[in-house]
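Here's the structure we're looking at; comments come further down.
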Amino acid sequence: MSFLEKTLKAAGFTVHRMIFSEPGAEDVENFYARIGTAAPHLMFAGHTDVVPPGDEKAWTHPPFSGAVDKGQLYGRGAVDMKGGIACCVAAVLDHLAASGGKPQKDGKGSISFLITGDEESIAVNGTPKLLAWAAERGEKFDHCILGEPSNQDELGDTIKIGRRGSLNGTLIVTGKSGHVAYPQRADNPVRGIVTLIDALQNEPLDKGSATFQPSNLEFTTIDVGNKTVNLIPGEARARFNIRFNDCHTLDSLKALLEARAAKAADGKIKFAFKFEPSNAGVFVTQPGPFTELVSNAVAEVTGRKPELSTTGGTSDARFITHYCPVVEFGLVGQTMHAIDERVPIADLRALTTIYRKIIDTYFG
Ligand SMILES: [Zn+2]
């Protein structure tokens, strides 16, 4: 962030660095820089934090050396995603150098960098607070490119235009414990939970949408914890995770589960849901002129027509989508989070050229 501050200040950016805190969470340093005051406003987003390197001795080159070997740059974060940040900064500086130091030739337009240090963690003191801070200052964004490693196998194969949301919960069925020989005096919650699990997982949550595969519910454990052979237990629990698409919101999804369970319980099974707090909502940017602009730039440089994908886990795009349309395009994700995370120098150059084309066309 210090390097970014020095580099972008020299190019005429106004830079803000701030630490956000929250009881029970680690303090996180965040970064915002902008050049220009007018619309259109193109924002580049990313994170400087990385996952731990794992067994450092297992790396071919030390994980924080930045060693270049046979045309590849080694290092934790090379792909996810300091490499992506380096490329967009280089592309922006190239663009400014060619356009008289302003985002656009007639002096209109703005470019900003929204960089957090809290993406690989719980994302509490990062992008959500940074966006709220920016909104309070009156910052308005028109479009965002998040430089996460979006590509599967080769640079240019995938642009992420959406990601599913995630919800964790526990289904709790309460019965009445008793002796297995006298079941009429007890109420076995194992029977109840089997009925409810069956009802919840057998009917699909939806059929999928124009941009997403169908939502999916997976039960991950069923727990009764009964060690006694002749005892009917008093309670049974089942945990689940749902990856959901844009047919639902977190609230509508919870209501759907409650309704389905109530119907199956038919007043005879006592149940409750405990949902874990989630800020992992769904994000989607519908295909249109902006996705086309990015797609064309990728195709021009790489010769590949990228797939507009909505697969994979969550990212900070789930927060940015509330402020402006966002797409994810960055490096190839194959070695991210792995030992020997590395990126071909050729990919860094090509990605810089792609970003440059996007910026030139956007302000052209
Ligand atoms: Zn990342």
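Only this structure's heavy atoms are used, side chains among them; waters, hydrogens and symmetry mates stay out. Whatever order the structure lists them in is the order used to number ligands and atoms, beginning at 1.
- Note on ring orientation: taking the six-membered ring where Trp is involved, the planes of F363 and H95 are tilted (angle from 30° to 60°).
- Using modelled atom types and a 3.5 Å distance limit, the side chains of S209 and N245 yield no donor-acceptor pair.
- The 12-atom threshold is exceeded at NZ of K254, counting heavy atoms of other residues, nucleotides or ligands nearer than 6.0 Å.
- For residue D80, an N/O/S atom approaches the Zn ion (ligand 1) to within less than 2.8 Å.
- For the pair R164 (side chain) and S215 (backbone), a donor-acceptor distance under 3.5 Å is absent.
- The Zn ion (ligand 1) has no N, O or S atom of E119 under 2.8 Å away, backbone or side chain.
- Closest N/O/S atom of E148 to the Zn ion (ligand 1): OE1.
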